[in-house]
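Here, residue 1 is the first one in the sequence, and each next residue gets the next number.
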Amino acid sequence: MALIIVMHLDPSHESHIAELLSSVTEMEVVQAGDEQAIEPNHVYVIAPDRVLKIHGGVLCSTGPRAPHGDRKPVDTLFSSLAVDQKARSVGVILSGTGNNGSSGIRDINSAGGLCIVQDPATAQFDGMPRNAIATGVADYVVPPEEMPKILLEYAGQPEVRASVVEANADTQPAPSP
């Protein structure tokens, strides 16, 4: 499993989120670049003033098209993830303001993926969790400390694991005779 973190960052400042996260995980943490293949056990962090999409298991990083106040980077990533990864897609909504992510988790749900939302009572800012819950598609509404167990159980389900094997087989060269 790979993690892609989309945060609301000031577009005019350099981000140090990758370095900060590197100090608390053994996984490799990098700022997401354009045309970057997604690898298991890696964490990819959005860069300031960028939008991330996924296509063919590859992250695509572009400049935003909407004015700063109208951007929905979580929705953009989640919607592309649902199309690309279908039932293997997982969307997690954590503390934040507004409704960014609510449309994207609907797409993940429609694709058969998993939607987890932080319990608003545990969030510093409960707008994003409350709006996500209001969609009616959250599979789990839990405190953050319960999320890893849910993610690991989901990743271990036979139908999810089988689809990962099939996807990897599609990208592997055929064995030579």
Side-chain angles (χ1 to χ4, degrees), residues 1-22 24-25 27-86 88-111 113-118 120 122-133 135 137-142 144 147-148 150-151 154:
M1 183 177 298
L3 300 175
I4 304 168
I5 299 175
V6 176
M7 301 174 62
H8 301 274
L9 301 171
D10 184 329
S12 63
H13 288 90
E14 183 179 337
S15 173
H16 297 283
I17 299 298
E19 292 89 0
L20 292 170
L21 291 175
S22 290
V24 295
T25 183
M27 294 187 286
E28 184 172 343
V29 182
V30 297
Q31 187 166 283
D34 192 29
E35 300 296 321
Q36 185 166 22
I38 299 172
E39 298 180 50
N41 300 318
H42 283 65
V43 179
Y44 303 91
V45 180
I46 194 169
D49 209 30
R50 304 303 291 172
V51 174
L52 293 175
K53 291 183 181 180
I54 181 171
H55 180 71
V58 175
L59 277 174
C60 303
S61 175
T62 61
R65 293 195 174 119
H68 186 63
D70 295 334
R71 297 178 192 169
K72 303 268 185 173
V74 179
D75 282 328
T76 300
L77 176 65
F78 282 0
S79 295
S80 70
L81 179 66
V83 169
D84 193 70
Q85 298 295 306
K86 299 180 182 32
R88 291 184 305 245
S89 57
V90 176
V92 177
I93 302 287
L94 297 171
S95 178
T97 59
N99 64 357
N100 191 10
S102 294
S103 173
I105 65 166
R106 283 188 184 107
D107 293 338
I108 288 173
N109 175 267
S110 294
L114 177 67
C115 301
I116 304 173
V117 179
Q118 181 176 1
T122 67
Q124 182 176 3
F125 301 102
D126 67 1
M128 284 178 63
R130 287 192 186 285
N131 282 305
I133 293 165
T135 67
V137 301
D139 296 300
Y140 295 92
V141 177
V142 296
M147 293 178 184
I150 295 166
L151 291 169
Y154 188 75

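- Separation of atoms CE (M128) and OG (S102) is listed at 7.5 Å; rounding is to 0.5 Å.
- The salt bridge (charged side-chain N to carboxylate O under 4.0 Å, His left out) check on D107 picks up nothing, with sequence neighbours excluded.
- Remark: the backbone N or O of N100 is not paired with any side-chain donor or acceptor of D75 at under 3.5 angstrom.
- Minimum heavy-atom separation, G96 to P129: O-CD, 4.0 Å.
- Exactly one of V74, L52, I4, I5 qualifies for a side-chain contact (heavy atoms from CB on, under 4.5 Å) with I46. That residue is L52.
- The closest side-chain heavy-atom distance from M1 to P40 is not below 4.5 Å.
- Counting only heavy atoms from C-beta outward, the side chains of F78 and I93 approach each other to under 4.5 Å.
- The backbone N or O of V6 lies less than 3.5 Å from no partner atom in the side chain of Y44, so there is not a single donor-acceptor pair.
- Note that CD1 of I54 is 6.0 Å distant from CG of L59, once rounded to the nearest 0.5 Å.
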Original post:
Are T62 and K53 close enough, and set up right, to give a side-chain contact (heavy atoms from CB on, under 4.5 Å), and what steps lead you there?
Top reply: CA-CA 8 Å; T62 61; K53 291 183 181 180; 5.8 Å; no
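- Closest heavy-atom contact between I108 and C115: CG2-SG, 3.8 Å.
- Judged by distance alone, the side chain of T135 and the main-chain N or O of R106 form no donor-acceptor pair under 3.5 Å.
- When all heavy atoms of L151 and V90 are compared, the pair lying nearest together is CD2-CG1, 3.6 Å.
- Rounding to the nearest 0.5 Å places OG of S103 at 8.5 Å from NZ of K72.
- A donor-acceptor contact shorter than 3.5 Å links the side chain of S80 to the backbone of L77.
- The nearest pair of heavy atoms linking A18 to V45 is CA-CG2, 4.3 Å.
- For the residue pair R50/S61, the side-chain donor-acceptor check at 3.5 Å is satisfied.
- Rounded to the nearest 0.5 angstrom, D126 CG and T97 OG1 are separated by 10.0 Å.
- A donor-acceptor contact shorter than 3.5 Å links the side chain of D84 to the backbone of G56.
- Using modelled atom types, no side-chain atom of S79 and backbone atom of T76 make a donor-acceptor pair closer than 3.5 Å.
- Listed by chain and residue number, nothing satisfies the side chain to side chain contact (heavy atoms under 4.5 Å, CB included) test with S110 (two or more places apart in sequence, or in another chain).
- Counting only distance, with no hydrogens or angles, the side chain of Q36 and the backbone of G33 share a donor-acceptor pair below 3.5 Å.
- Between the OG atom in S95 and the CD atom in Q118 there is a gap of 5.5 Å [rounded to 0.5 Å].
- Listed for the N41 side chain is no donor-acceptor partner under 3.5 Å among the backbone atoms of A2.
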**OP:** Step by step, work out the side-chain contact (heavy atoms from CB on, under 4.5 Å) result for M147 and L94.
**Re:** CA-CA 11 Å; M147 293 178 184; L94 297 171; 3.7 Å; yes
Original post:
Where do I116 and D139 land on the side-chain contact (heavy atoms from CB on, under 4.5 Å) test, with the steps shown first?
Top reply: CA-CA 6 Å; I116 304 173; D139 296 300; 5.8 Å; no
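- Closest non-hydrogen pair, C60 versus D34, comes out as CA-OD1, 3.3 Å.
- A distance of 13.0 Å separates CE of M27 from CD of E39, quoted to the nearest 0.5 Å.
- In plain terms, the two heavy atoms of P48 and E14 that are nearest each other are CG-C, 4.3 Å.
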